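All values derive from a computational prediction rather than experimental measurement. Naming: A, B, ... by sequence-line order, numbering from 1 per chain.
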Amino acid sequence: MKYDHKSIEKKWQKVWDETGVFNATEDTNKKKFYALIEFPYPSGQGLHVGHPRPYTALDVVARKRRLNGYNVLYPIGWDAFGLPTENYAIKNHIHPEIVTEKNIARFKQQIKSLGISFDWSREINTTDPEYFKWTQWIFLQLLKHGLAYKKEMAVNWCTSCKCVLANEEVVNGVCERCSSEVVRKVKSQWMLKITAYAERLINDLDTVDYPERVKAQQRNWIGRSTGAEVDFDTTAGDKLTIYTTRPDTIFGATYMVISPEHPYLEKWKGLLKNNDEISEYQAMAARKSDFERTEGNKEKTGVRLEGVEAINPANGKNISIFISDYVLVSYGTGAIMAVPGHDTRDWEFAKKFGLPIIEVVKGGNIEEAAFTDCAAGVMVNSDFLSGMTVEDAKKAIVDYLTEKGIGHEKVNYKLRDWIFSRQRYWGEPIPVIHCPKCGIVPLKESDLPLKLPMVESYEPTDNGESPLANIADWVNVKCPCCGADAKRETDTMPQWAGSSWYFIRYMDPHNKEALAGKEALDYWKNVDWYNGGMEHTTLHLLYSRFWHKFLYDIGVVPTAEPYAKRTSHGMILGSNGEKMSKSRGNVVNPDEIVEEFGADTMRLYEMFIGDFEKAAPWQQNGVKGCRRFADRYFNLQEILIAGDKIRPELESAFHKTIKKVGYDIENLKFNTAIAALMALMNDIYAAGSINKEELRIFTILLNPFAPHITEEVYSANSLGKGLVAQAQWPEYDESKCKEDTVEIAVQINGKIKARINIAADSDNDTAISAAKADEKVAAELTGKTVIKEIYVKGKLVNIVAK
RNA sequence: GCCGGUGUGGUGGAAUAGGCAGACACAAGGGACUUAAAAUCCCUCGGACCACAAAUCCGUGCCGGUUCAAGUCCGGCCACCGGCACCA
């Protein structure tokens, strides 16, 4: 009989669908296991072979855990709000809801053809009002707790499209669509105070099991630094507060720099003699897009303030103040003390403007470059700090400043608050009303969900407002407080909103009273294993941790962290080693692979392709190899014999493989798990036959990777009552994993001279004498003095001789 | 520039804790079966030396070190990939 993947896969997918075997239960007596993949954005292009890699990987884990007796929750849904859909809808005059529906249908059909054991009864969709009702509800809680606020912010504004652009729509400083100039425009935006959680977001990384590289990226992104805030007196009378991480270098501060947006510039207008020059510089900085300000010429620019000077509080000397765009308003206090001797940017600036450079830490050559790597250095030219180490000087100066009341220790974060407004149609409406009398009035929770108006035109307005602003009968409402004429907020939420809590909804997706019921939350608690892409490490992963902590604080969820364990997959590249993309023409569609080779082969190849955590190029020939493996597995049925015990000659091979496959699956080493199964199969074919018990075990081990073909073989040969529902993951016996005799290498002075077979449990003396008894070794040793003998059990003997 | 990661045969990749480098595949070459091809099965497959083999030597990006023993550890470089980018 030939292996016919089409009929087998169709047959079992239907059975699984009808019986709902993969649906999680609420059986709280069972151990729970919650596996999660990042739910897809249903784009118009459909799946490419990169999508199934994480889905298959956690499917392998989920299927194995079910065979281990766990109650497994492995859900899927759709992160369906977003720009591409809206843009496609505008272009083709189809409502985004219809586009979304169509895209989801296609994604669903494609994913289902792969036989992933998702619990489809819990499917969610972020654009479903029954879902986003709760996204809006969370926003109202944030607002209530003072974590949502409005702020004037610069946004990207396309001068031709007359609309606000997301950062990713700005390519090389111009609009992605029309290539027109993009400028910064100030708009009032909703912000979420993620910075209030910065400290906990860093500290709690110690409580979760994430790869070190993920933790490091989050820590760097949050960017905690400990320094000091110091007040500098000015000749204008105002105190100018700066932030520095190097208060120890204060005696080397020879000038100051404030950002072009600093409020004192307005205040000091009357005192300044070069206001025109300053205004010009301010205008230039404002005109620059983010791109120009960062990617452009790094040559330092700036203007000296004429008429106001500062006084260095350490030595009482007058120093100049400059404005320069290398100092950012958004970080610290928007002002710095410049220490050109020990800061690269300050050094460059000082060189250009001919400012004094003073060495305050010994060890570098400040004529050549700033000496920044000076943590181990000793202070000089610094009055009472001179002679101290940098570390001691930091403490001493902070104590001094604190005592004098002109400074104190201060922790700063690079992390900024989350810009939560989007001037778009296809997103969750922000559920507040603007009343001329009452101000910002939140919608009543009972009025949620606030749905999007179903209209023909949702094109961008030309004044930077959301398309919703044009829809009069939606925008104009009565104030829920005072009844006066009021207007709805027209901004919508970013795509990150719906994905910041979706894993909670999966626990109880149909609940009408809450995000999820208490019982479900108490049982499922948090995600046990979350796999996703490295590209989501700093945004999605951080945002969702923030929301979860907030929900924990207000008593909604039972754990402080949403994900106990995080893993990350590598990308699947095109066969040319480049990222798969339509424009490069190297996209592989999984449908074709499933059609020609079958879903099981597709899954095997996805897992065999290489180290799961690294990128790997797609190679069609590799697919053929996996199909060959599936064929060889199917053909085992032709050499099947009776027998209800593993035969002695295969015993250790089987036990070793059971151990390895189980270990590898739990440790993301899917490629070597499959390699081990291939090797075992080679052993079986070498033995000439396989008995029923051996086939049963092999089938269960292979099942997580190739679920359809194994179900078929299991059922056709009556190996048990039903693989998915009844079978148990096989146990291995440690004592049977070992061979009785092993071949070990014999080295002389580290070079291999012979290989000998000895009993696996040989002791030191036995092994070494056996090694010396070898003819070759004996010959090599003649006339030499043995200095040292090393025996590593089961591996080698090394004899050091002269 | 900073942070993180990666460099192993013709290719994808193996090598739990410093212990036989190249598992498992792919491709290639040879053979069997076949009228023939495909499929399948068997053999070879890092390099140098060599008629062949044995033996020997070289070999995990580069240079150096530690060790009886280094792909693995340490120091110094180089290249590539990803992220961030004037964060005081």
Side-chain angles (χ1 to χ4, degrees), chain A residues 2 211-217 219-221 223 225 227 242-247 249 253 256-257 259 290 293-296 298 300 324-328 330-339 342-346 348-349 412-416 533-535 537-538 570-571 573 575 577 579 604-605 608-611 613-626 628-629 631-632 635 660 663-664 667 669 671-682 685 743-752 754-755 787-801:
Chain A
K2 215 177 154 279
E212 205 36 61
R213 58 183 172 149
V214 171
K215 289 190 183 184
Q217 244 186 66
R219 281 194 201 103
N220 291 341
W221 186 263
S225 67
I242 59 103
Y243 174 72
T244 177
T245 53
R246 295 294 307 277
T249 61
M256 296 183 81
V257 185
S259 79
D290 278 348
R293 233 165 129 157
T294 57
E295 288 284 334
K298 287 193 175 175
K300 294 281 176 287
S324 175
D325 63 3
Y326 85 88
V327 172
L328 312 173
S330 52
Y331 185 76
T333 60
I336 62 160
M337 65 175 196
V339 184
H342 303 280
D343 181 281
T344 310
R345 291 151 304 169
D346 297 344
E348 286 168 8
F349 192 89
N412 258 328
Y413 303 93
K414 288 189 204 172
L415 184 71
R416 294 181 210 166
M534 276 309 281
E535 70 276 17
T537 300
T538 47
M571 235 187 308
L573 307 170
S575 49
K579 204 168 158 173
L604 281 166
Y605 181 58
F608 188 61
I609 193 166
D611 185 338
E613 298 183 88
K614 289 184 199 144
W618 185 267
Q619 290 183 318
Q620 200 73 3
N621 274 328
V623 181
K624 276 201 312 212
C626 288
R628 215 169 278 162
F629 174 60
D631 278 326
R632 272 160 64 84
N635 293 339
K660 179 155 182 63
Y663 177 88
D664 283 355
N667 289 283
K669 294 180 175 286
N671 53 338
T672 50
I674 292 171
L677 287 166
M678 286 173 168
L680 178 59
M681 189 187 286
N682 290 343
Y685 272 104
E743 190 191 70
I744 65 163
V746 181
Q747 299 178 329
I748 292 174
N749 297 331
K751 304 239 177 210
I752 292 162
R755 290 169 214 279
I787 295 165
K788 201 170 181 181
E789 293 163 331
I790 296 126
Y791 169 51
V792 182
K793 215 171 187 179
K795 303 273 187 189
L796 55 68
V797 167
N798 188 14
I799 300 169
V800 186

What pairs with Thr538(A) under side chain to side chain contact (heavy atoms under 4.5 Å, CB included), at least two apart in sequence or on another chain?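 Thr538(A) satisfies side chain to side chain contact (heavy atoms under 4.5 Å, CB included) with Gln217(A), Trp221(A) once adjacent residues are dropped.
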Taking side chain to side chain contact (heavy atoms under 4.5 Å, CB included) as the test, write out the residues that go with Tyr663(A), two or more places apart. Asn667(A)
Spell out, as yes or no, whether a donor-acceptor pair under 3.5 Å connects the side chain of [X] to the backbone of [Y].
| X | Y | value |
| --- | --- | --- |
| Asn412(A) | Ser225(A) | no |
| Tyr326(A) | Phe349(A) | no |
| Asp346(A) | Val339(A) | yes |

Distance check needed: [N] [atom2] versus [X] [atom1], whole Å only.
| X | N | atom1 | atom2 | value |
| --- | --- | --- | --- | --- |
| Lys751(A) | rC57(B) | NZ | C1' | 8 Å |
| Trp221(A) | rC3(B) | CH2 | C1' | 12 Å |
| Glu348(A) | rG1(B) | CD | P | 12 Å |
| Lys660(A) | rA14(B) | NZ | C1' | 9 Å |
| Leu677(A) | rA23(B) | CG | P | 18 Å |
| Glu613(A) | rG82(B) | CD | C1' | 15 Å |
| Phe629(A) | rC26(B) | CZ | P | 11 Å |
| Leu328(A) | rC84(B) | CG | C1' | 14 Å |

Nearest of [options] to any side-chain atom of [X]?
| X | options | value |
| --- | --- | --- |
| Lys669(A) | rA88(B), rA15(B), rU6(B) | rA15(B) |
| Tyr243(A) | rG13(B), rG83(B), rA88(B) | rA88(B) |
| Ile609(A) | rC58(B), rG19(B), rG12(B) | rG12(B) |
| Gln619(A) | rG12(B), rA14(B), rA25(B) | rG12(B) |
| Thr672(A) | rG7(B), rG12(B), rA15(B) | rA15(B) |
| Arg213(A) | rA15(B), rG4(B), rA88(B) | rG4(B) |
| Arg628(A) | rA25(B), rC86(B), rC26(B) | rC26(B) |
| Thr245(A) | rC84(B), rG12(B), rA88(B) | rA88(B) |
| Lys795(A) | rG19(B), rG13(B), rC26(B) | rG19(B) |

Using a 4.0 Å heavy-atom cut-off across all strands, classify [X] as base, sugar-phosphate, or nothing.
| X | answer |
| --- | --- |
| Ala615(A) | sugar-phosphate |
| Phe608(A) | base |
| Lys793(A) | nothing |
| Tyr413(A) | nothing |
| Asn667(A) | nothing |
| Met534(A) | nothing |
| Gly223(A) | nothing |
| Ile752(A) | sugar-phosphate |
| Glu535(A) | nothing |
| Asp611(A) | sugar-phosphate |

Distance-only donor-acceptor test (3.5 Å): side chain Lys300(A), base rC86(B): yes
By nearest heavy atom, map Ser330(A) and Arg632(A) onto RNA chain B; which one lands nearer the 5' end?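 Closest to the 5' end, via its nearest nucleotide, is Arg632(A).
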Specify the residue among Thr538(A) and Arg416(A) whose closest nucleotide of RNA chain B lies further upstream toward the 5′ end.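 This one resolves to Thr538(A).
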Nearest-Å distance once atom [atom1] is located in both [N] and [M]:
| N | M | atom1 | result |
| --- | --- | --- | --- |
| rC63(B) | rU11(B) | C1' | 29 Å |
| rA70(B) | rG18(B) | C1' | 7 Å |
| rU40(B) | rG46(B) | P | 23 Å |
| rG47(B) | rG64(B) | C1' | 25 Å |
| rG13(B) | rG4(B) | C1' | 23 Å |
| rU6(B) | rA88(B) | P | 27 Å |
| rU35(B) | rA25(B) | C1' | 34 Å |
| rC80(B) | rC62(B) | C1' | 15 Å |

Distance-minimising heavy-atom pair for [X] and [Y]:
| X | Y | result |
| --- | --- | --- |
| Ile336(A) | Tyr243(A) | CG2-O, 4.4 Å |
| Ser259(A) | Val327(A) | CB-O, 3.1 Å |
| Asn671(A) | Asp611(A) | ND2-N, 3.5 Å |

Can you find a heavy atom in the side chain of [X] that is under 4.5 Å from one in the side chain of [Y]?
| X | Y | value |
| --- | --- | --- |
| Met534(A) | Thr537(A) | yes |
| Met681(A) | Leu677(A) | no |
| Arg416(A) | Tyr331(A) | no |

Check this one for me: any side-chain N or O of Asn671(A) less than 4.0 Å away from OP1 or OP2 of rA23(B)?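 Answer is no, no contact under 4.0 Å.
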It should be established whether Lys624(A) places a side-chain nitrogen or oxygen under 4.0 Å from OP1 or OP2 of nucleotide rU11(B).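 Result: no.
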Any idea if rG10(B) is syn or anti, going by the 90°-from-0 cut? anti
Going from NZ on Lys795(A) to CD1 on Ile744(A), what distance comes out if it is rounded to the nearest 0.5 angstrom? 12.0 Å
By salt bridge (Lys or Arg N to Asp or Glu O under 4.0 Å), Arg213(A) pairs with (sequence neighbours left out) Glu613(A)
Any chance you could encode RNA chain B as dot-bracket? Rule is Watson-Crick or G-U wobble with both distances under 3.5 Å; [ ] for pairs crossing earlier ones, | for another strand. (((((((..(((......[....))).(((((.......))))).(((.......)))..(((((..]....))))))))))))....
Residue set satisfying ring pair (Phe, Tyr, Trp, His ring centres under 6.0 Å) with Phe608(A), at least two apart, ordered chain then number -> none
Per-nucleotide protein contact string for nucleotides 65-71 of chain B, where B marks a base within reach and S marks sugar-phosphate only (heavy atoms under 4.0 Å, - for neither): ---B---
